[in-house]
Novice: 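First the structure, which I've put down as structure tokens, then a few questions once you've had a look.
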Amino acid sequence: MTGKRMFPKAMRVAVVAVLCAAMLVPMYIMVVNAFKPQQEILRSPLGLDLSTATFDHLAAAWQSTAFPVIEGYAVSLFLVLACNAVAIGASVPGAYAIARTPTPLFAFLLMFFVAGMFIPAQIILVPAIFVLKALGLMGTFPGLVLFMSATMIPFTLFVFSGYIRMLPRSLDDAAAIDGAGRQRILWTIIFPLMRPIVATAFILNTLSAWNDFVSPQLILGPGSQFRTITTGVYAAVSTYSTNYEIVFPTLLLAVTPILLIFAIMQRHIIGGLSSGAVKG
Amino acid sequence: MPRKATASSTSPPGEVDAPRITTAWRNRFGTIANGLLTLPALVVYAGLLVVPVGFAVYYSFTEYNGFPSSPPQWIGLHNYERIFQDPAGDLHSSLWVTAVIAVAGTVIVNAAALGLALLLRRTTRFNTFARLVMFYPRVLSALIVGFLWQAILGPQGAVNNLMERAGQSTLPFLADPEWALVTLVGVIVWAQFGVQLILYLAGLQAVSAELQESARIDGASGVQVFRHVTWPALAPTVTVTLVTTVLSLLKVYDVVLGLTNGGPGDATQNWAYEILAVTFAKNDIGLASAQAVLLVLVAGILSFTIIALRRRAEAGAEAIG
């Protein structure tokens, strides 16, 4: 293969190994320092002395009032599921109608949705806040879910409509002859066939919702009773950013589950990402 | 689905007057019913993403502090004049920061991703592991990435602590304005290139292996094969990665907030930071909207320019593929 001739194998492995180490060092620093008191962190940031290692700071971060960890996870999880339900639930019928109606009007409609992929969501959040205020949804969870879903719909609907186009139309016709209505055709015949692309959209939407900080911070407000993982970490860490006894344990608690999920689901996540990109 | 489209179903064959419903009627009903199907997506998307863009355009011509008691005052192009003349002297520096992040970030991210994709192309166990390691920052929140690197590179962070213990002088990763900007770009690259790496790997799979093989049999060197076969065939992938990188780098905010909080001074305040953390925080909705409108315009124009410029390269890819 190409790489072989341009680069001897041993060198290639060495370069990749060094880069992998560089990628992992921050995680290593985070993990070992989560178990150390401040002086120890300052004295030897890379080492871990098992005789002085302690769970105290991790426990303190776990009980932090600024970032209630369990609640943060519950809120983030609920947010992810709700956004996916709205974005996918609204995109499936929309994409179906667009894919099955080959008229200029619907082609324009698709372009109208696609244009949304070029709108930077967090930038348009400032005026969106006034729309949410007018709807009485500012500071509420439904308002947050609706805004985040709106940012997901363009991509979701776009890849869905591309996928439905590949499904043969004769499926719809056969079901229609058997007397199935449009909704029934859509949800019992087309939707089950869309599983791979729904999984891709679900994974990408989940990553963006889970990691979003600006939307929950601004829409729910910094003093909100609901804290997601990201807004919770911000509340706990931003004012104490040199108090490493707080920083490292909090970050460790915030990233461990998502990294575990990534480790388990990596094939689906990476596969979903590349198939989404190929279709996008 | 909460809504049901009653008129939508094609008339059941058993019904007596079914044959009387003409095809034209059915088609029109079909179009309306299909239109209704798009409604939920349209309402949510237009209501919370398109309408806000309209609001932003409107507010950008007004002076507005966001309080319901004082409605927006029409002031024409004044907000845009403020951006171009920059009396407070902070907007132009944030333009510079944004440009550095977008240009340097895009070049480095894509060069690193493509280079590594070529190295990690074959699916061996080692390569699969390496891909995962390169990719994992993508699943972390950008804010957390910022805080983590802040704790590592800050004045008392791990790196400077080690250097001090080794008897060397510390490095101002985040304390010196120029260093801070370079560090910021570095952290962004660290966090983002893994995604583009996956995209390049997917693109490389589409490159015809036979074509590369026959080029090699014809005596082409590795570099020549890359330049004349692989690179042209990758053209569509390059377009996607360039557009997605530029779009995401133009709006970086979370990582700035976590890593430098815009500092030292305003050395790492980019356009998004300026909008969200400075102008919006001062309740200057009119100016924040004008800044948002400009960013949306720039993002759109840049994307379409890249896509248009790449057309020719992609046409070449089709000729080869």
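Below, read A as the first sequence line, B as the second, and so on, with proteins coming before strands; counting in each chain starts at 1.
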Novice: If we define contacts as heavy-atom pairs under 4.5 Å, which of B:V296, B:I275, B:I144 has the most with chain A?
Specialist: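 Of the candidates given, the most pairs with chain A belong to B:I144.
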Novice: B:L42 versus chain A, heavy atoms under 4.5 Å apart: side chain, backbone, both or neither?
Specialist: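 Looking at B:L42, backbone and side chain both touch chain A.
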Novice: Would you mind telling me which of A:I261, A:I41, A:T250, A:V237 has the largest number of heavy-atom pairs within less than 4.5 Å of chain B?
Specialist: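 Looking at each option in turn, the highest pair count goes to A:V237.
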Novice: B:W149 versus chain A, heavy atoms under 4.5 Å apart: side chain, backbone, both or neither?
Specialist: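 Contact with chain A: side chain only.
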Novice: What part of B:V243 gets within 4.5 angstrom of chain A, counting heavy atoms only: side chain, backbone, both, or neither?
Specialist: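 For B:V243, side-chain heavy atoms alone lie under 4.5 Å from chain A.
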Novice: Contact part of A:L105 toward chain B, heavy-atom cut-off under 4.5 Å: side chain, backbone, both or neither?
Specialist: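 Contact with chain B: none, neither part.
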Novice: Which region of A:F106, side chain (C-beta onward) or backbone (N, CA, C, O), has a non-hydrogen atom less than 4.5 Å from a non-hydrogen atom of chain B, or is it both or neither?
Specialist: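 The side chain, not the backbone.
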Novice: Side chain from CB out, backbone as N, CA, C, O: work out which of these in B:Y253 comes under 4.5 Å of a heavy atom of chain A, or both, or neither.
Specialist: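 Its backbone and side chain both get close to chain A.
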Novice: Measure distances from B:L143 to the heavy atoms of chain A and classify the residue's part below 4.5 Å as side chain, backbone, both or neither.
Specialist: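 Contact with chain A: side chain only.
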Novice: Could you tell me which portion of A:L157 (side chain, backbone, both or neither) has an atom closer than 4.5 angstrom to a non-hydrogen atom of chain B?
Specialist: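 Contact with chain B involves the side chain of A:L157 alone.
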Novice: Is a side-chain donor-acceptor pair under 3.5 Å present for B:R121 with B:N127?
Specialist: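 No donor-acceptor contact under 3.5 Å links the two side chains.
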Novice: Identify which of A:S149, A:G143, A:S238 forms the greatest number of heavy-atom pairs closer than 4.5 Å to chain B.
Specialist: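 Looking at each of A:S149, A:G143, A:S238 in turn, A:S238 comes out on top.
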Novice: Could you look at A:I269 and say if it's the side chain, the backbone, both or neither that has a heavy atom under 4.5 Å from chain B?
Specialist: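 For A:I269, the contact with chain B is made by the side chain alone.
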Novice: Find the one option among A:L24, A:I229, A:V247, A:L218 whose heavy-atom pairs under 4.5 Å with chain B are most numerous.
Specialist: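 So the answer, after comparing A:L24, A:I229, A:V247, A:L218, is A:L24.
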Novice: Chain B: which of A:F130, A:F248, A:Y96, A:F118 shares the most heavy-atom pairs with it under 4.5 Å?
Specialist: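 Maximum pair count with chain B is reached by A:F130.
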Novice: What part of B:Y64 gets closer than 4.5 Å to chain A, counting heavy atoms only: side chain, backbone, both or neither?
Specialist: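 Only the side chain of B:Y64 comes within 4.5 Å of chain A.
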Novice: Taking atom types as modelled, find out whether A:N33 and A:Y28 have a side-chain donor-acceptor pair closer than 3.5 angstrom.
Specialist: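 No donor-acceptor contact under 3.5 Å links the two side chains.
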Novice: Should the pair A:F112 and A:F108 be assigned to parallel (<30°), tilted (30 to 60°) or perpendicular (>60°) ring geometry?
Specialist: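 Parallel: the ring planes of A:F112 and A:F108 meet at under 30°.
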Novice: Please classify the contact of B:V43 with chain A as side chain, backbone, both or neither, using a heavy-atom distance under 4.5 Å.
Specialist: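 For B:V43, neither part sits under 4.5 Å from chain A.
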Novice: Classify the side-chain pair B:E274/B:T279 by whether it contains a donor and acceptor separated by less than 3.5 Å.
Specialist: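 No.
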Novice: Is A:I190 close to A:R100 at the side-chain level, that is, under 4.5 Å between some pair of heavy atoms?
Specialist: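 They are in side-chain contact.
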Novice: Can you tell me which portion of A:I29 sits under 4.5 Å from chain B's heavy atoms? Options are side chain, backbone, both or neither.
Specialist: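 Just its side chain gets close to chain B.
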Novice: Could you tell me which portion of B:L276 (side chain, backbone, both or neither) has an atom closer than 4.5 angstrom to a non-hydrogen atom of chain A?
Specialist: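 The side chain, not the backbone.
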Novice: Which atoms of B:F147 are under 4.5 Å from chain A, going by heavy atoms: the side chain, the backbone, both sets, or neither?
Specialist: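 When you check distances to chain A, atoms from both the backbone and side chain of B:F147 fall under 4.5 Å.
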Novice: Please state whether the side chain, the backbone, both or neither of A:F262 comes within less than 4.5 Å of a heavy atom of chain B.
Specialist: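 Just its side chain gets close to chain B.
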Novice: For A:A95, which atoms come within 4.5 Å of any heavy atom of chain B: side chain, backbone, both, or neither?
Specialist: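 Contact with chain B is absent: no heavy atom of A:A95 under 4.5 Å.
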Novice: Do the side chains of A:Q122 and A:S215 get nearer than 4.5 Å, heavy atoms only?
Specialist: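 With C-beta onward as the side chain, the pair stays apart.
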Novice: Less than 4.5 Å to any heavy atom of chain A: does that hold for the side chain of B:F304, its backbone, both, or neither?
Specialist: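 Only the side chain of B:F304 comes within 4.5 Å of chain A.
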Novice: With a 4.5 angstrom heavy-atom cut-off, could you sort out which part of A:V13 is near chain B: side chain, backbone, both or neither?
Specialist: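 Its backbone and side chain both get close to chain B.
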Novice: If the plane angle is over 60° it's perpendicular, under 30° parallel, otherwise tilted; pick one for B:W231 and B:F226.
Specialist: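 It falls in the tilted class, 30° to 60°.
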Novice: Which one wins on heavy-atom pair count under 4.5 Å against chain A: B:G154, B:A130, B:A151?
Specialist: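 Ranked by heavy-atom pairs under 4.5 Å with chain A, first place is B:A151.
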Novice: Start with the C-alpha distance between B:T244 and B:Q196, add both sets of side-chain angles, then the distance that settles side chain to side chain contact (heavy atoms under 4.5 Å, CB included), and finish with yes or no.
Specialist: CA-CA 9 Å; B:T244 52; B:Q196 312 300 341; 3.6 Å; yes
Novice: Mind checking whether B:L140 and A:L259 have side chains closer than 4.5 Å, heavy atoms only?
Specialist: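 SC-SC contact between B:L140 and A:L259 confirmed.
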Novice: Taking all non-hydrogen atoms of both residues into account, name the closest pair between A:M117 and B:L247 and its distance.
Specialist: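 Scanning both residues completely, I find the closest heavy atoms to be O-CD1, 4.1 Å.
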Novice: Measuring heavy-atom distances to chain B, does A:I153 have an atom under 4.5 Å in its side chain, in its backbone, in both, or in neither?
Specialist: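 Contact with chain B: side chain only.
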Novice: Would you say the side-chain atoms of B:Y200 and B:T237 include a donor-acceptor pair closer than 3.5 Å?
Specialist: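 There is no such pair (donor and acceptor under 3.5 Å, judged by atom type) between the side chains of B:Y200 and B:T237.
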Novice: Using a cut-off of under 4.5 Å on heavy-atom pairs, state which of B:Q291, B:E164, B:R165, B:K251 scores highest against chain A.
Specialist: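 Of B:Q291, B:E164, B:R165, B:K251, B:R165 has the most heavy-atom pairs under 4.5 Å with chain A.
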Novice: Please check if the number of heavy atoms outside B:F126 that lie under 6.0 Å from its CZ is greater than 12.
Specialist: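 It does: B:F126 CZ has more than 12 such atoms within range.
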Novice: For chain A, which candidate among B:P137, B:G66, B:A206, B:S289 shows the most heavy-atom pairs at distances under 4.5 Å?
Specialist: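 Looking at each option in turn, the highest pair count goes to B:G66.
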Novice: Keeping the roles fixed (side chain from A:Q38, backbone from A:N243), state whether a donor-acceptor pair exists under 3.5 Å.
Specialist: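 No: the side chain of A:Q38 does not pair with the backbone of A:N243.
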Novice: Between A:L132 and B:L48, does a side chain to side chain contact (heavy atoms under 4.5 Å, CB included) hold up when you go through it step by step?
Specialist: CA-CA 8 Å; A:L132 287 172; B:L48 287 168; 3.7 Å; yes
Novice: How many angstroms lie between atom CG of A:L137 and atom CD1 of A:I129, to the nearest 0.5 angstrom?
Specialist: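 Between atom CG of A:L137 and atom CD1 of A:I129 there are 13.0 Å.
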Novice: Report which part of B:L201 has an atom under 4.5 Å of a heavy atom belonging to chain A: side chain, backbone, both, or neither.
Specialist: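 Neither part; nothing is under 4.5 Å.
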Novice: Taking B:N270 for the side chain and B:V252 for the main chain, is one N or O donor matched with an acceptor at less than 3.5 Å?
Specialist: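 Side chain of B:N270 to backbone of B:V252: a pair is present.
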Novice: Evaluate the side chain to side chain contact (heavy atoms under 4.5 Å, CB included) criterion for residues B:V139 and A:W210: first the C-alpha distance (whole Å), next the side-chain angles of each, then the deciding distance (0.1 Å), finally the verdict.
Specialist: CA-CA 9 Å; B:V139 304; A:W210 185 270; over 6 Å; no
Novice: Can you see whether A:T228 engages A:T230 through a side-chain donor-acceptor pair at a distance of less than 3.5 angstrom?
Specialist: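 Result is yes, a qualifying pair exists.
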Novice: Most heavy-atom pairs under 4.5 angstrom with chain B, which of A:I270, A:T156, A:I119, A:D212?
Specialist: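 Highest number of heavy-atom pairs under 4.5 Å: A:I270.
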Novice: Classify the ring geometry between A:Y234 and A:F213 as parallel (under 30°), tilted (30 to 60°) or perpendicular (over 60°).
Specialist: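 Tilted: the ring planes of A:Y234 and A:F213 meet at 30° to 60°.
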Novice: With only heavy atoms counted, which part of B:P155 is less than 4.5 Å from chain A, the side chain, the backbone, both or neither?
Specialist: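 Interface part for B:P155: neither.
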Novice: Can you tell me how far the CE atom of A:M265 sits from the OG1 atom of A:T206, to the nearest 0.5 Å?
Specialist: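 Answer for the CE-OG1 pair, A:M265 versus A:T206, is 8.5 Å.
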Novice: Look at B:S303, B:G300, B:A299 and state which one has the largest set of heavy-atom pairs under 4.5 Å with chain A.
Specialist: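 Winner by heavy-atom pair count: B:S303.
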Novice: Of all of A:S91, A:P154, A:A17, A:A115, which one pairs up most often with chain B through heavy atoms under 4.5 Å apart?
Specialist: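 The candidate making the most pairs under 4.5 Å is A:P154.
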Novice: Name the option with the most non-hydrogen atom pairs under 4.5 Å to chain A; the candidates are B:L116, B:L257, B:V159.
Specialist: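 Heavy-atom pair counts peak at B:L257.
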Novice: Let me know if B:Y136 has heavy atoms under 4.5 Å from chain A in its side chain, its backbone, both or neither.
Specialist: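 Both parts, backbone and side chain.
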Novice: Chain A heavy atoms under 4.5 Å from B:I152: which part of the residue, side chain, backbone, both or neither?
Specialist: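 Contact with chain A is through the side chain of B:I152 alone.
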